[in-house]
Structure formats: C-alpha cells, structure tokens
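A short write-up of the structure that comes next.
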Protein chains: 2
Amino acid sequence: MRSYNQYCAVAKALDVIGDRWTLLIIRELTLRGPSRYTDLRRGLPGIATNLLAERLRELERTGILAREEAPPPVATALFSLTERGAALAPVLDALGLWGVSYMTEGPEPGDEFRAHWLAWPVDMFLRDADPDGAPVTIELDTGDDPVLARLDAGEITVQPGRGEIADVRISGEPHPVLGLLTGALDIAQARDAGVTVEGRAEILDRLQPAPA
Amino acid sequence: MRSYNQYCAVAKALDVIGDRWTLLIIRELTLRGPSRYTDLRRGLPGIATNLLAERLRELERTGILAREEAPPPVATALFSLTERGAALAPVLDALGLWGVSYMTEGPEPGDEFRAHWLAWPVDMFLRDADPDGAPVTIELDTGDDPVLARLDAGEITVQPGRGEIADVRISGEPHPVLGLLTGALDIAQARDAGVTVEGRAEILDRLQPAPA
DNA sequence: CCGCATCCGGGGCGATACTG
DNA sequence: CAGTATCGCCCCGGATGCGG
C-alpha cells in the first residue's frame with residue numbers, strides 16, 4: 001500500500017496492515033494457526049484469489065507471516081504467523097470487541113459466516129460462572145466446520161474442533177446460537193429459532209454474561 | 001467502503017473504520033479533542049481535502065463523530081468523537097504499540113511529523129521512576145505545536161501544550177528527541193544530534209524505560 | 001481564511017477465466 | 001490444489017475553484 005509518510009506509530013502500523021483484506025488474513029491465521037492457501041480462501045469468503053496471493057506475498061516480505069514448505073506427507077505450503085505477526089493479536093482483539101456491537105442485530109443479507117469467528121463474541125459476552133467446575137466442552141455447529149468452546153478454570157476459549165467429543169452440542173443458525181450463548185435467548189426461544197441442543201444442556205447454565 | 005459481508009466482529013469493525021485515512025482521522029480527534037476542519041488537515045499531512053470531507057460525512061453518518069455548530073464567538077464547526085468513536089481508543093492503542101517498533105530507526109525520507117503523535121512512543125517506552133515525586137511537566141518542541149508530557153503519580157500522559165510553563169523544555173528533531181526520551185541517547189549524545197535541553201534537566205532522570 | 005465541491009489521471013480492487 | 005492472467009471499475013490522490 002502507499003505509505004502515509006507520517007512518522008507516527010499508528011500510521012506506520014497502517015502502512016503495513018492497512019490494506020484491504022490484510023487484517024482478515026491475519027485473523028484467519030491467528031484463529032486457525034498455520035493454514036494452507038485453500039483453507040485461507042474458505043475462511044475469507046469474498047476475497048479474489050489474486051488478492052489473496054498478492055497479500056500473502058507482501059505479508060511474507062514484511063515479516064508478518066512465513067511460508068513453510070511442508071514435508072512430503074502434506075506436500076503443500078503452510079502459511080503461519082511470525083512472532084511479529086502474532087503480536088497483532090491485541091489489535092484484532094480490540095477491533096473485535098468494538099465490532100461485536102454490530103453483530104447483535106443479526107447478519108445482514110448476503111453475510112457469510114464461519115463458526116470460528118465466534119471467538120470474539122464469546123470472549124466479549126461470556127464468563128464461566130463456575131470456575132472450580134470440571135472442564136467441559138461445548139460444540140458449536142452452525143453449518144460449516146464445528147468449533148469447540150472450552151470452559152476450564154474460569155476461562156473460555158474457542159478453537160476449531162478436531163473430532164473431539166463434546167459434553168453438549170448446539171447447532172442452528174449463527175444468530176440464534178449466538179443469542180443462546182449470550183443469554184439474549186433462553187433454550188425454549190432458541191429452539192423456536194431452529195436451534196437444537198444435544199447432550200448435557202445444564203452446562204449452559206455455567207455461561208454467564210460478562211460484566212459490562 | 002464496500003462491506004466484507006462477513007458476520008464477524010472484526011470484519012464488521014473494518015466495514016466501518018477500514019477505509020484509508022479513517023483511523024488516522026479518529027487518531028487526531030482522540031489525541032486533540034474536538035477539532036476544526038483545518039486543524040484536522042494540519043494533523044493529517046498528505047490527505048486530499050475532498051477525502052477528508054467525505055470521511056467526515058461518512059463517520060458522522062455511522063455515528064463515530066458528531067459535528068457541532070459552535071456558537072458565534074467561534075463561528076465554525078467542531079468535529080468531536082461520539083461515545084462509540086471514543087471507544088476506538090483501545091484499537092488505536094493496540095495499533096500504536098505494535099507500530100512503535102517501526103519508529104526506532106528514525107523517519108523515512110519524506111515523513112511528516114507532529115509532536116502529539118509522540119503519545120504512543122512515550123506510553124510504550126517510558127515510566128515514571130519516582131511515582132511519589134512532585135508532578136512535573138516536560139515540554140517537547142519538535143518544530144510544530146509543542147506538547148506537554150506530564151509526570152504525575154507515576155503516570156505519564158502526553159497532551160497538546162496550551163501555553164503552560166514547563167519544568168524542562170526539550171527541542172530538536174523528532175528522532176533524537178525520541179531517542180533522548182527513551183534512553184537510546186544520553187543528554188550529551190542528544191546535544192550532538194542538535195537537541196537542546198532547557199530548565200531542570202535532572203527531571204529527565206525520572207524517565208525510566210518501560211518493562212518489556 | 002475556512003470548508004468544502006468538482007474534475008481528472010492512475011492504481012488498487014473485484015470478478016472471472018485459465019493453468020501447472 | 002495453488003495459484004496466474006486479464007479486464008473493467010471505482011476509489012484514491014492531486015489540483016483547482018468557489019461561496020461564506
């Protein structure tokens with residue numbers, strides 16, 4: 001991107017990551033870890049393939065990510081964040097916490113959704129009401145790849161769920177699932193909105209709205 | 001800007017503030033408070049006038065800032081952040097702290113500078129080594145409008161200096177002034193780089209590199 | 001002087017097609 | 001699967017004009 005030519009920390013940061021799609025690419029690598037080109041494409045609906053390729057080239061040049069030629073069993077390149085790239089997590093967090101307010105009304109027409117994007121709403125809205133309880137996992141199934149929300153020692157984390165068996169499984173459209181998680185909907189209301197809850201539903205009582 | 005059409009908190013945030021120049025406009029309003037159009041222009045060297053006008057219109061429409069028609073004595077409009085706009089401060093902080101690493105080598109050819117942009121480097125690099133000491137002020141004079149760094153109760157804040165008399169005054173080129181503040185240069189080295197220190201220079205001993 | 005609006009050239013972006 | 005190639009368009013940058 002064209003430089004702002006300002007000797008200012010914010011402007012210098014934007015010189016590097018201010019291009020369109022750039023921060024969303026870093027979002028994918030932050031949430032999903034080292035990823036293949038095709039996985040990045042799936043997590044970035046709407047991006048043009050040439051733009052993704054060009055951004056990856058530029059981000060490699062500026063030391064934000066690294067391209068690793070994976071060993072023969074995989075036989076494809078993996079893109080992963082460098083230390084400098086991973087240090088952008090606080091930027092994503094601040095943006096995500098600010099942007100969550102735009103999600104409460106539900107998706108706009110044409111919006112795409114991937115379950116792992118729930119990381120920020122969950123982090124924003126939820127706490128574990130029973131920090132001393134046993135670790136439990138909640139599978140969230142909203143159409144694409146399922147993700148697991150883990151409650152452990154009072155912390156809630158969201159990560160791609162790789163075939164693990166969860167204690168409770170929630171499936172349905174993104175907006176009512178989010179509503180159920182945040183407490184905007186109770187289980188009965190969520191069912192009316194097409195959400196199904198399987199397994200130990202009482203675990204959901206451990207989800208507590210985060211303090212404002 | 002064109003929407004990413006992703007039901008994701010980060011993408012929704014970027015839909016609103018992802019346009020070029022937008023976050024820098026919010027930077028100016030955050031650092032300087034309610035500002036006139038011309039003051040914004042001075043703090044945003046390189047921006048085209050039509051772009052500034054268009055961004056201000058759009059940011060007003062999305063509820064990030066408000067235009068106040070100032071009473072007759074001023075006879076000009078003031079732009080100020082709304083609550084939602086002010087809530088972007090953590091985003092600027094995260095970006096600024098990440099971007100500071102690009103400033104240590106000094107400005108690139110053609111870089112413009114405004115003293116109030118020092119807020120992030122100071123916040124990043126400095127602590128008050130004598131939290132119980134009396135409040136003191138340091139005037140930083142780097143060519144444009146001077147700013148005041150206040151040390152009070154262990155906190156360091158940077159704000160535009162409005163005619164106040166400071167305990168010590170540092171003037172010179174931005175990079176060596178920054179070097180002196182951060183401890184990369186001692187006073188003798190800074191003088192060699194054209195920096196002048198007037199007043200109670202011993203106050204600078206209270207500046208302590210921030211813990212990594 | 002302040003606060004824009006208008007015009008125009010160039011480049012970044014978006015969509016699709018194509019290839020090893 | 002992992003990109004490259006191409007093309008139209010719109011956003012951006014820079015200059016100028018202009019009413020209050």
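Numbered from 1 within each chain, the chains take letters A, B, ... in sequence-line order. On a predicted model such as this, the values are computed, not experimentally measured, just so you know. Values reported hereafter were calculated over all heavy atoms of this structure, with side chains retained and with hydrogens, waters and symmetry mates removed.
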Checklist outcome for this item: Rounded to whole Å, the CG-C1' distance (B:L78 to C:dC2) equals 13 Å

Contact list (N/O, under 3.5 angstrom) for nucleotides 12-15 of chain D vs protein:
residue	atom	partner	partner atom	Å
D:dC12	OP1	B:D19	OD1	3.1
D:dC12	OP1	B:R55	NH2	2.9
D:dC12	OP2	B:R55	NH2	2.9
D:dG13	OP1	B:R20	NE	2.3
D:dG13	OP1	B:R20	NH2	3.1
D:dG13	OP2	B:W21	NE1	2.9
D:dG13	O3'	A:R2	NH2	3.1
D:dG14	OP1	A:R2	NH2	2.6
D:dG14	O6	B:N50	ND2	2.9

Next on the checklist: From CG of B:L40 over to P of C:dC1, roughly how many Å is that when rounded to an integer?
Outcome noted: 19 Å

Item to check | Atom pair distance, as rounded to whole Å: CD in A:E60 and P in D:dA2 | outcome: 15 Å

Checklist entry - Would you call the rings of B:Y7 and A:H175 parallel, tilted or perpendicular if under 30° counts as parallel and over 60° as perpendicular? => result perpendicular

Checklist outcome for this item: Whole-Å distance, A:R57 CZ to D:dA5 C1', equals 12 Å

Next on the checklist: How many whole angstroms separate atom CD of B:Q6 from atom P of C:dG14?
Outcome noted: 11 Å

Checklist outcome for this item: Separation of D:dG3 atom C1' from A:Y37 atom OH, nearest Å, is 5 Å

Item to check | side chain to side chain contact (heavy atoms under 4.5 Å, CB included) between A:R114 and B:C8, intermediate numbers included | outcome: CA-CA 8 Å; A:R114 301 294 182 269; B:C8 159; over 6 Å; no

Next on the checklist: In whole Å, I'd like the distance from the CG atom of A:L52 to the P atom of D:dC1.
Outcome noted: 14 Å

Checklist entry - Is the NZ or CZ atom of A:R20 positioned over B:Y4's six-membered ring, under 6.0 angstrom from the centre and within 45° of the axis? => result yes

Next on the checklist: On the six-membered ring of B:Y102, is A:R84 placed so that its NZ or CZ lies under 6.0 angstrom from the centre and within 45° of the ring axis?
Outcome noted: yes

Item to check | Separation of C:dT16 P from A:R41 CZ (nearest whole Å) | outcome: 11 Å

Next on the checklist: Between the opening five pairs and the closing five pairs of the helix from C:dC1-D:dG20 to C:dG20-D:dC1, how far apart are the helix axes, to 10°?
Outcome noted: 30°

